[in-house]
Every structure is written in structure tokens, then in C-alpha cells.
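Chain A is the first sequence line, chain B the second, and so forth, proteins listed ahead of strands; every chain is numbered from 1.
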Amino acid sequence: MSIKAPRGTADILPQDMERWHFIEDIVRQTFRCYGYQEIRTPIFEATELFIRGIGEATDIVNKEMYTFQDKKGRSITLRPENTAAVVRAYMEHGLGSQQSSLVKMFYMGPMFRYERPQAGRQRQFYQFGTEALGSMHPGVDAETIAMILSIFEQIGLAGLKVEVNSVGCEECRTNYRQVLFEYFQTHISHMCSDCQMRLEKNPMRILDCKVESCQSYIRGCPTVIDSVCEPCRNHMDEVIKYLNLMGISPVMNPRLVRGLDYYTRTAFEIKDESLGAQNAVAAGGRYDNLVRDMGGNITPAIGFAAGMERIVLAMKNKGLGPIGKQNMVYIATTSENVLDTAAALAQRLRAGNIPVELSWDKKSLKSQFRQAANIDARYVVVVGDEEIKQGKVVLKDMIKQEQRLVDMEGLHTLLAM
RNA sequence: GUGAGCGUAGCUCAGUUGGCAGAGCACCGGACUGUGGCUCCGGUUGUCGCGGGUUCAAGCCCCGUCGCUCACCCCA
């Protein structure tokens, strides 16, 4: 074996697929309950879309995009996230002018970022998420968070940490930047080199610095929520109110900052602490100006994205797996003479939608039974030289450990029950 | 992009001062004429990540490279 999957990519093997389907089924079902419809956008887009949508100053745009030229020299980028693309589609097809004013869409699919792989971080990874465009009501924010928690609850992930914050509107944010700048200016010479850089580029990023020596300065700094304007404050209060109403008590984290430029007001993150450094299992927030910034009408909106691989990891950490396979029937043969009969029988059963495994290769009966046990077969049908003469087969119930002789003709009706 | 640790059978991993590449699990066969999960016996499985170098001799030492893991960074 010399050719391997590219760095940062992973095969999702058959043994894991059941878990993936389990999650995906819950996700689709829940989205449907909350009135979201699926949208599928291209895996690649014009590079310009992400530069304008995500923000020129962000790390994603600056160093993590898979960008290349197509044969006509157009700059193309593999999508690093899906919000910009959904907004593009929303505008391109005038979705906002149809039906109701609130358009709710969900997506599932692979995203691409050129990063150093780590636990819970890959170069190709799967996200699912929603975008709700056209309402600035705080109830939509709360509903989004409630929906995510419902998904995790159904999956079986408990003890997740829900953190919320407000990053304010445009005006609050410029004010807050100024406040931060002034505050940190006096301490910055004692802080780490990363923070010194952040002060110039994006002071809000200082807030989630992990360097020990920076912590005491960060603790003393003014929080966003204190510097935010009246309407933004009210919005946050309302979101909390609705969350409480839904039986959810989030943790206020004034230091929660999002990495993408388009976020406004509500920002939230859902963490699983079994995961290690990359522990955000879902995150999102409001982006009230993105549609306008991309050339559309003012359209308030909120969305989130969740990482499939991290959810699967969290499930494994907690020993959660999807349960049991369906009633597989394993057909065992005693010699090659009866293989024809066995094959015909398999076909007849499958035609009736009964899942059947048939051993084509010559193996001992013992080995065939072992295999049947390995795939969790509910029944084993033994097609033997002796029985076949009377038109019979042995039907063994693997759980009850009982077996009896039955007519081959009646087998499909017996098993269909 | 930075730092640390690690690449040996399908999986988990031993491998001494450089001297015939190993164990357990799994798989296959048998003990048990044609019946799984237990027990016992036997068998199959290798580009020692890849490429150079040193040496009579390299899984082991040296250089490079690719990959994995964890952390920084960033994020889902």
C-alpha cells in the first residue's frame, strides 16, 4: 500500500457508517420539526464569495482556503463553511421575496480547510447547520439553540455546555474595540507576543487567549455586554428569557468571540468537554448585516454549524453506539452441491425485502456459524444435502438457540413476520 | 505556520550491546461425521512508513522525507 488518503482526510468505514446514519437521521428529522428545508449548494464557489462573506482579515480566508484556478483562469475555492454560499443562493434566486418573510434552510456536507490536523480537526470535515433569514426576533435565536440541544439529546450526548454572548452590532463593536484598545494599551507590554499582534489587528481576539500570564489582565477588562448599546442589550436579555422559557439555562461567557467577521449580536457555542482542545461541537450566531454586505437588502439572519466528526468522537468517548442490526438471515451450506439451491433461496428471500447473507466460499459449518454470529444474524438457515431431498431446510433462531426443520417453500412467509 | 512524541502482521503492541522479524487478538482447520459465543491443538498473515547513508551485517545508528498523535494557533 503506497497511496494513502490525503493528509487531513479520513475514510468513514462501514463499521462507523451506522453511527453517521444514526446522527443524520436525527438531524434531518429535527430540522423538519422546526420547519427547515434542505438546500444543497456547490462544493466549490468563486473565491470572491468567501473573501467578501467571511472577511478578509480572518484566518480562514488568509491561510486556510483550498484555492485554485480552473481551466479558464477563474479563481475557485473549496467551501470552508456554508453560510456564505447559502446567502449567495438566497440572493441569487430571490428566495426572500417568495412566500413568508422568514426563510429557513438546512444543509449537510463536507467543508474544506487547510489546517494542521489534530483531534477533532481535519482538512475535509462534515458539517450540518441551518440558516434562518428574514427575522431579527430574539425568539429565533433561542429556537435555534433549543433545536441544536434537542438533536444532541436525541443522540444521547448529555452534559454539554451552552455558552452565549453578544458581540453587539456594528456600532457597539467599533466602540468596544476602542474601549479594549485603550484598556490593553497600558498592559500590553507585559502580555504575550500573540496578544501584542492582536491588539493592532483585532483586539477582541485577546479575550480568548490561553496564555497564563495574560489571564489577570483579561479578567480585569471591560466586557462586551457592558459596552453594548441599548437595543443589543435588550436583544440579549430577550434571548435569555426565551431560552429559560424553553428550559435551557445557558452560561454567559463575556469572552466568547467568533472567528468570522459577519457575526453580530448573539454568538453561541456548544462544547463537549470530553473532547480536548477542539471541543466546540456546534457554534453559530446572528449575522444581521451579511446579506446587505454582499449586495442584497438588509436581512437579519441567524444560523449555526455543527461538526459531524466531533460528534462521532464524543459518542465514542461516552461509549454511545447505535444499537442492533436488523434481522439478518444467514444461509449456511453443507457442501458445494447445495449452493445452487441456497442461491435461489437467497434470491427469493431478498425479493421479499429480507436481508440475507450467503456464504459462497467453501467453509466449514462451524466457521459459517461463527460468521453468522459475527454479523449479528438473527437466523441461520442451513441448506443441507439430506434435508434438501425432502424440500426442507433447518431454521435456527440464534437468540433462542432453537432450531427446527421447515419447508423451504414456506420459509419466506415465516421470516417475513 | 510553531513545538513535542510516535510509525513493526488486519487490530493492540514486544523486539536486549546492531546478528534468522515475534506475542496476543482476529482469521482458517481440527479435537466434536453437519451447528456460533467456552476450552485445547495446529496453521495463514510482513516493502519493519518511504528514500538515502554508515557497517561484513540495520527494525535498531545517522540524514532527509511522508504520515500519525497531542498541544500552540484557529475553529465545527
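Under the salt bridge (charged side-chain N to carboxylate O under 4.0 Å, His left out) criterion, R121(A) pairs with E115(A), not counting sequence neighbours.
Following rounding to the nearest Å, Q122(A) (CD) and G67(B) (C1') show an atom-to-atom distance of 14 Å. Following rounding to the nearest Å, D59(A) (CG) and C73(B) (P) show an atom-to-atom distance of 11 Å. At whole-Å resolution of the value, CD in E81(A) and P in C75(B) are 12 Å apart. Between E269(A) atom CD and C74(B) atom P the separation is 13 Å, expressed in whole Å. Rounded to a whole Å, the CG atom of N253(A) is 15 Å from the P atom of C75(B). Taking atom CZ of R121(A) as the reference point, atom P of U69(B) lies 12 Å away to the nearest angstrom. Atom P of nucleotide G49(B) and atom CZ of R7(A) are separated by 18 Å, given to the nearest angstrom. Between K4(A) atom NZ and G67(B) atom C1' there is a gap of 6 Å when expressed in whole angstrom units.
Side chain R310(A) to base C75(B): a donor-acceptor pair is found below 3.5 Å. For C72(B), its base never sits under 3.5 Å from the side chain of R116(A) at any donor and acceptor pair.
As rounded to the nearest Å, G36(B) and C32(B) have C1' atoms that lie 14 Å from one another. Comparing the P positions of U16(B) and G59(B) gives an interatomic distance of 12 Å, to the nearest angstrom. Here, G15(B) and C60(B) have their P atoms 15 Å apart, quoted to the whole Å. When the P atom is compared between G34(B) and G10(B), the two are found 32 Å apart, to the nearest whole Å. Taking atom P on both C70(B) and U55(B), the two are 40 Å apart, rounded to the nearest angstrom. Distance noted for atom P between U44(B) and G22(B): 12 Å (whole Å). Look at the C1' atom in both A57(B) and A23(B): the space between them is 26 Å, to the nearest Å. Rounded to a whole angstrom, the distance from the C1' atom of A21(B) to that of U2(B) is 38 Å.
Comment: E336(A) does not engage K362(A) in a salt bridge, judged by the lack of any side-chain N to carboxylate O separation of less than 4.0 angstrom. A salt bridge between R40(A) and E38(A) is present, with a side-chain N of the basic residue lying under 4.0 Å from a carboxylate O of the acidic one. Taking 4.0 Å as the cut-off between side-chain N and carboxylate O, D272(A) and K318(A) count as a salt-bridged pair.
Close to C28(B), at under 4.0 Å from its OP1 or OP2, lies a side-chain N or O of Q371(A). Contact between the side-chain N/O atoms of N374(A) and the OP1/OP2 oxygens of C27(B) is found at a separation under 4.0 Å. Checking the phosphate oxygens (OP1, OP2) of A71(B), a side-chain nitrogen or oxygen of Q118(A) falls inside 4.0 Å.
Across all strands shown, A372(A) has no heavy atoms under 4.0 Å from either base or sugar-phosphate atoms. Counting any heavy atom pair closer than 4.0 Å across all strands shown, G284(A) reaches no nucleic acid atom.
Of the candidate nucleotides U69(B), A76(B), G29(B), G29(B) has the atom lying nearest to any side-chain atom of K363(A).
Rounded to the nearest 0.5 angstrom, R88(A) CZ and M294(A) CE are separated by 8.0 Å. To the nearest 0.5 Å, atom CG of residue L256(A) and atom OG1 of residue T266(A) are 11.0 Å apart.
Remark: side-chain polar atoms of Y107(A) are not paired, donor with acceptor, to backbone N or O of A305(A) under 3.5 angstrom. Under the 3.5 Å distance criterion, the side-chain polar atoms of Y330(A) are left unmatched by any main-chain donor or acceptor of A373(A).
Sequence order on RNA chain B of the closest nucleotides to G8(A) and M308(A) puts G8(A) first from the 5' end. The residue among E64(A) and A5(A) whose nearest nucleotide of RNA chain B lies closer to the 5′ end is A5(A).
T174(A) and E170(A) share no side-chain donor-acceptor pair at under 3.5 Å. Q154(A) and T30(A) are linked by a side-chain donor-acceptor pair at a separation below 3.5 angstrom, with hydrogens and angles left out of the test.
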note = Its contact letters, B for base, S for sugar-phosphate only and - for none at protein heavy atoms under 4.0 Å, make nucleotides 34-42 of chain B read BBBB-----
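With ring centers used as reference points, F106(A) lies under 6.0 Å from F31(A).
Looking at RNA chain B, the stems built from 3 or more consecutive Watson-Crick or G-U wobble pairs, each pair with its key distances under 3.5 Å, are B:1-7 with B:66-72, B:10-13 with B:22-25, B:27-31 with B:39-43, B:49-53 with B:61-65.
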